[in-house]
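Heads up: the structure comes next, in structure tokens.
Chain A is the first sequence line, chain B the second, and so forth, proteins listed ahead of strands; every chain is numbered from 1.
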Amino acid sequence: MNRYLLLICLALISVVLSGCWDSNELNDLAVSVGMGLDKKGNKVQVSTQIVNPSEVATKRGGGYSAPVTTFTATERTTLEALRKITSVSPRKVFSSHLRILVIGEALARNGVAEVMDSISRNHELRSDFYIIVPKGTTAKSVLSILNPIEKIPSNKMFSSLEVSEGTWAPAAKVELFEFMADLSDPSKENILTGIRIAGDASAGNKLSNVEQIVPSAILQYSGIAVFKGDRLVDWLNQDESKGYNYIVGNVKNSIGHIRCPDGNGVLTVDVTRTISKIKGILSNGKPKIKINLFIEENVAGVQCQIDLTKPETIREIEDLSNQKLTTMMESAIRKAQRNKADIFGFGQAIENAHPRQWQKLKNDWPDRFSDLDVDINVDTRIRRLGTTSNSAIESWE
Amino acid sequence: MGMEKRAEQPELLGSDLQSNMDKVKAAFGNSSDIVTERISIAPGSHLEIGYIYTEGLVSSALVQNMMLESCESLRRWIDVFTEADEPNKLDLIRGILAPAGKMKDIIDFQSLYTSVMTGVTVLLIDGFSTGLAVCTQGGEDRSVEEPETQSVVRGPRVGFTENLNTNIALIRRRIKSTDLWLESMEIGKVTKTKVALMYVNSIASDKIVEEVRLRLSRIDIDGILESSYIEELIQDETFTVFPTLYNSERPDVVVSGLLEGRVAIFVDGTPFVLLAPALFVQFYQSAEDYYQRFEFATLIRLLRYICFFISLLAPSLYIAITTFHQELLPSQLLLSLAAQREGIPFPAFIEAVVMELTFEILREAGVRLPKTVGQAVSIVGALVIGQAAVEAGLVSPAMVIVVAVTAISNFVIPSFNMGISIRIIRFIMMLFAATFGLFGITVGLIAMVQHLCSLRSFGVPYMSPMAPLNMPDQKDTILRLPLWGLFSRPRFIGDKNKTREANPPTTKPNKK
């Protein structure tokens with residue numbers, strides 16, 4: 001019996017003495033959904049977007065205060081700055097629910113290795129957030145734009161990146177692990193999607209921004225940032241970004257146009273499925289890349305005078321689409337080659353195919369990459385014509 | 001044994017009617033419900049008969065009839081009677097009374113008292129030191145009704161009553177086999193409650209029957225008022241929240257238990273019959289599982305096990321996740337929970353304990369209060385828990401949902417006593433969750449499973465057939481296979497006679 005008594009006492013002591021260590025009530029947490037890193041001299045400016053839960057989740061009214069608040073602090077290192085935020089924030093900053101990490105362009109051009117180390121070491125962060133780079137503005141101002149419909153701007157950035165990567169293509173979602181892996185991998189360079197503020201940035205942080213039908217300022221994804229090592233070196237424009245995504249096989253669904261066979265007007269095609277294969281080849285010791293892109297499209301809009309009922313026309317459209325895609329992909333490759341940044345992972349393809357030879361190649365890979373032979377082979381298949389066959393335009397003639 | 005001790009020196013009846021009657025009266029302290037009547041058969045003759053019975057325990061119609069018959073007949077045969085010699089006189093009376101029913105000779109006072117207390121009428125004839133006990137049992141008794149607990153949608157609507165004989169008959173009616181054996185005994189020094197042990201001899205394991213018999217014989221108590229007394233006195237482990245004996249109000253459940261090799265213990269005065277040994281999974285099975293189609297029964301069983309976990313863990317998971325592991329929640333859910341908790345003055349643990357306590361109080365009050373007031377309580381409860389507490393900002397709406405789901409899940413579990421075990425453990429789990437988070441819950445669950453595995457019911461591992469794992473018995477554990485699949489009796493319990501049936505899987509018309 002004494003043994004049991006002792007056991008009960010021990011259990012009680014462990015309950016009482018430990019005293020709910022590490023517990024935090026939900027209403028004692030400042031839930032941070034967005035984090036921004038900027039360069040301020042030789043210091044780091046950290047901005048966190050904190051959710052005001054009663055404004056976001058309440059059913060009764062709301063709308064009296066902004067759904068989020070952005071706090072900023074500047075310190076020598078990221079974590080110091082993050083802790084310093086507690087001097088302005090009323091609650092403990094809780095970063096596990098981070099949706100988006102914004103790395104300021106200036107900081108990115110200067111090198112992100114230092115800040116990313118402390119971010120990746122932080123145990124509190126879940127690794128399912130995306131990393132983006134603001135184009136022509138700071139991370140702080142990106143985190144200071146209110147957004148309509150989706151009340152939390154960071155959530156908006158998160159979900160519109162997800163949606164637009166899958167259905168529009170000139171955007172790429174990059175998670176922390178991928179970014180860190182590519183950072184230390186000489187055979188592949190990093191990319192991050194760019195974001196810009198469209199409209200009047202200074203009007204974006206007021207509640208009035210979301211009270212209008214057309215917001216004064218809105219966040220928009222545009223282009224892809226090319227990294228070399230840990231530094232941002234260049235931007236891909238919309239077509240190049242699309243080309244990039246086609247090469248690496250990110251496109252699930254997209255829409256594009258090709259010029260009509262007769263040169264007048266355009267033809268809209270809806271991409272429904274793509275399969276991209278990158279193959280590394282060594283011919284006479286010289287590395288070479290072969291890209292095979294298989295793509296299925298639907299005709300989505302016709303502004304030309306063609307007879308879609310004829311199989312030859314379809315062949316013709318397929319050829320045009322092949323050409324268009326090849327051009328897009330080539331332009332992306334050219335830009336990357338100009339910057340000697342192998343963002344496509346061509347190095348990886350060669351390493352996979354010829355691991356032994358790669359050991360010799362990898363030392364001067366950036367230079368070899370810049371004049372690498374890339375053979376692009378696109379195979380387009382038009383599958384459907386939509387619910388009508390020939391365009392109404394043709395019947396007028 | 002106690003009964004034998006008392007039987008050592010039986011005080012025999014005297015031959016004088018008056019002194020015998022006085023003795024009986026004195027023994028009962030002149031209790032007014034003990035009726036002692038003297039009737040003189042015919043004027044002139046010395047034949048006097050005394051009737052002793054307890055009012056209320058006898059059927060007055062039977063007693064009246066019996067008295068009338070005996071007097072009439074004796075009067076008619078008085079001549080024969082007076083001429084007959086001593087032993088034949090008694091036989092004559094026996095013959096006369098034969099139509100009244102079962103009869104027994106009484107020679108000592110102790111058996112006279114016992115007979116009188118069980119509703120038997122005792123006839124004492126002046127000048128004879130042997131009395132006659134005539135079966136006249138009757139009196140007020142509840143009729144066989146639909147059981148209030150363990151109700152089913154499809155299945156027999158018969159429940160046990162408080163009368164032992166009725167209950168036993170209900171089983172006899174369902175098992176028409178000479179193998180259905182019954183052993184009766186009296187337990188309780190004062191109450192002398194009739195307890196009956198029933199089993200199917202060809203199925204029930206001899207060891208288990210012997211063990212039950214032994215444990216019953218060890219009981220030394222003044223009274224048995226309900227089968228729960230027996231349950232507590234013969235269970236394997238006292239310090240456990242889990243029931244190790246099964247009880248049922250339904251004859252069909254008891255019959256199915258007997259057919260699996262279990263032993264049924266009937267106690268006079270209660271409709272709840274015990275079944276031993278009892279396994280953990282048994283408490284999650286309902287009679288209806290076998291009356292509905294097997295797919296549905298399996299689905300419902302799965303639902304019950306899910307409800308077991310919800311009822312056990314819902315509040316503690318809420319506490320653990322919202323105070324320790326916020327990163328586990330989807331962001332949107334976190335925000336809406338956080339918004340609900342804005343302005344709540346208590347930590348989640350206190351909030352949960354307060355709400356659970358409130359619910360338990362209301363539930364207990366609902367059981368105790370008269371039915372007419374019960375409705376008022378439920379209105380107050382719904383308003384207090386559902387509306388006012390949330391409106392006042394004392395608890396968050398999410399907590400109310402958690403408590404409500406927990407409560408409803410608890411009612412899904414078919415047996416009430418298993419539901420109570422879960423209610424108790426729930427609070428312990430909440431404490432663990434508030435101190436150590438999910439880690440604490442895991443530790444608590446491990447401790448619970450360990451405890452469950454250490455339990456035994458009459459030597460049978462409580463968690464079987466899951467621990468120790470027994471594949472054939474899985475057919476009727478979480479799953480309920482079609483009836484042709486339930487071919488054997490559970491291991492440990494029905495080992496003596498394993499085969500239950502040999503049905504082909506399907507019966508289809510022959511192809512021509």
Restricting to non-hydrogen atoms, name the atom on A/Glu25 and the atom on B/Ala348 that form the minimum distance, rounded to 0.1 Å.
OE1-N, 2.9 Å
Residues, nucleotides or ligands: over 12 heavy atoms within 6.0 Å of A/Glu114 CD:
no
Under 4.5 Å from any heavy atom of chain A - which part of B/Gln332
side chain
Quick one: do A/Arg126 and B/Ser331 satisfy side chain to side chain contact (heavy atoms under 4.5 Å, CB included)? Show the steps, please.
CA-CA 11 Å; A/Arg126 225 154 60 169; B/Ser331 302; 3.9 Å; yes
State whether the number of non-hydrogen atoms from other residues, nucleotides or ligands found under 6.0 Å of A/Gln212 atom CD is greater than 12.
yes
Can you find a heavy atom in the side chain of B/Glu327 that is under 4.5 Å from one in the side chain of A/Phe94?
yes
Report the C-alpha distance between B/Leu334 and A/Val31 in whole Å, list the side-chain angles of each, state the deciding distance to 0.1 Å, and finish with yes or no for side chain to side chain contact (heavy atoms under 4.5 Å, CB included).
CA-CA 9 Å; B/Leu334 173 88; A/Val31 181; 3.6 Å; yes
I need the minimum non-hydrogen distance between A/Leu26 and B/Arg341, along with the two atoms involved.
CB-CD, 3.9 Å
Contact class of A/Asn155 relative to chain B, heavy atoms under 4.5 angstrom
side chain
Can you tell me if B/Phe439 has over 12 outside heavy atoms packed within less than 6.0 Å of its CZ?
no
Closest non-hydrogen atoms of A/Asn24 and B/Gln326, given as atom of the first, atom of the second and distance, are O-NE2, 2.8 Å
What heavy-atom pair brings B/Leu335 and A/Pro53 nearest, and what distance separates the two atoms?
O-CB, 3.8 Å
For A/Lys156, does the NZ atom sit with more than 12 other heavy atoms under 6.0 Å from it, leaving out its own atoms?
yes
Flag if over 12 foreign heavy atoms under 6.0 Å of CZ, A/Phe177:
no
For a quick test of reading the model, state the closest non-hydrogen atom pair linking A/His97 to B/Leu329 and the distance between them.
CE1-O, 2.7 Å
